Amino acid sequence: MASHNIKHRHVDVLDIGGNRSHLDRDEVRVVEHKPPFYYEVWIFNDELSKRSDGTSGISLILTFPPTGGTDINLIGNCHA
């Protein structure tokens, strides 16, 4: 799995209850980039994280079907 350091990117997250959180994306880990399938894990600095390192992650999966459009799947729990 490749790991790419990027500049921090601020992300506002709105949960099901309507609560807004502000997270700083710290890192993008590329799992696979083979068109039409793209799989990355985004790592965030997260003050509400239950992990000892204060980070949370979410998987981003993009697929581009031959019929057009983009399928976007986000997998993970906030503040896990």
Side-chain angles (χ1 to χ4, degrees):
M1 173 171 34
S3 179
H4 300 285
N5 289 325
I6 59 171
K7 293 181 179 180
H8 291 309
R9 305 220 181 187
H10 303 289
V11 177
D12 287 320
V13 178
L14 189 64
D15 69 15
I16 293 173
N19 301 309
R20 185 177 299 272
S21 298
H22 179 78
L23 302 174
D24 288 323
R25 188 176 70 191
D26 184 50
E27 182 180 354
V28 173
R29 297 178 184 171
V30 174
V31 179
E32 186 174 337
H33 278 176
K34 291 185 181 175
F37 180 78
Y38 295 83
Y39 178 13
E40 300 177 350
V41 177
W42 290 9
I43 307 298
F44 296 91
N45 293 320
D46 181 4
E47 293 177 359
L48 300 177
S49 174
K50 296 174 184 160
R51 292 175 44 101
S52 63
D53 63 1
T55 63
S56 290
I58 192 162
S59 294
L60 172 70
I61 300 171
L62 301 172
T63 51
F64 300 92
T67 56
T70 305
D71 293 333
I72 302 171
N73 293 292
L74 298 171
I75 301 169
N77 295 323
C78 289
H79 314 303

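For clarity, every value in this text was computed on a predicted model and none was experimentally measured.
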| Between Ser49 and Thr55, is there a donor-acceptor pair closer than 3.5 Å when you use the side chain of the first and the backbone of the second? | yes
| task | Output the distance between atom CG (Asp46) and atom CG (Asp26), rounded to the nearest 0.5 Å. | result | 11.5 Å
| request: Evaluate the criterion ring pair (Phe, Tyr, Trp, His ring centres under 6.0 Å) for residue pair Phe37 and Phe64; output intermediate values, then yes/no. | output: CA-CA 7 Å; Phe37 180 78; Phe64 300 92; over 10 Å; no
| task | May I have the step-by-step check of side-chain contact (heavy atoms from CB on, under 4.5 Å) for Ile72 and Leu60, ending in yes or no? | result | CA-CA 7 Å; Ile72 302 171; Leu60 172 70; 4.1 Å; yes
| query | Ile58 and Val41: side-chain contact (heavy atoms from CB on, under 4.5 Å), yes or no, with the steps? | reply | CA-CA 6 Å; Ile58 192 162; Val41 177; over 6 Å; no
| note | Tightest non-hydrogen contact, residues His33 and Tyr39, listed as CD2-N, 4.2 Å
| message | Please report the interatomic distance CG(Asn73) to CD1(Ile61), rounded to the nearest 0.5 Å. | response | 6.0 Å
| Could you give the distance from CD (Glu40) to CG (Leu62), rounded to the nearest 0.5 Å? | 7.0 Å
| query | CZ of Arg29 to OG of Ser59: how many Å apart, nearest 0.5 Å? | reply | 10.5 Å
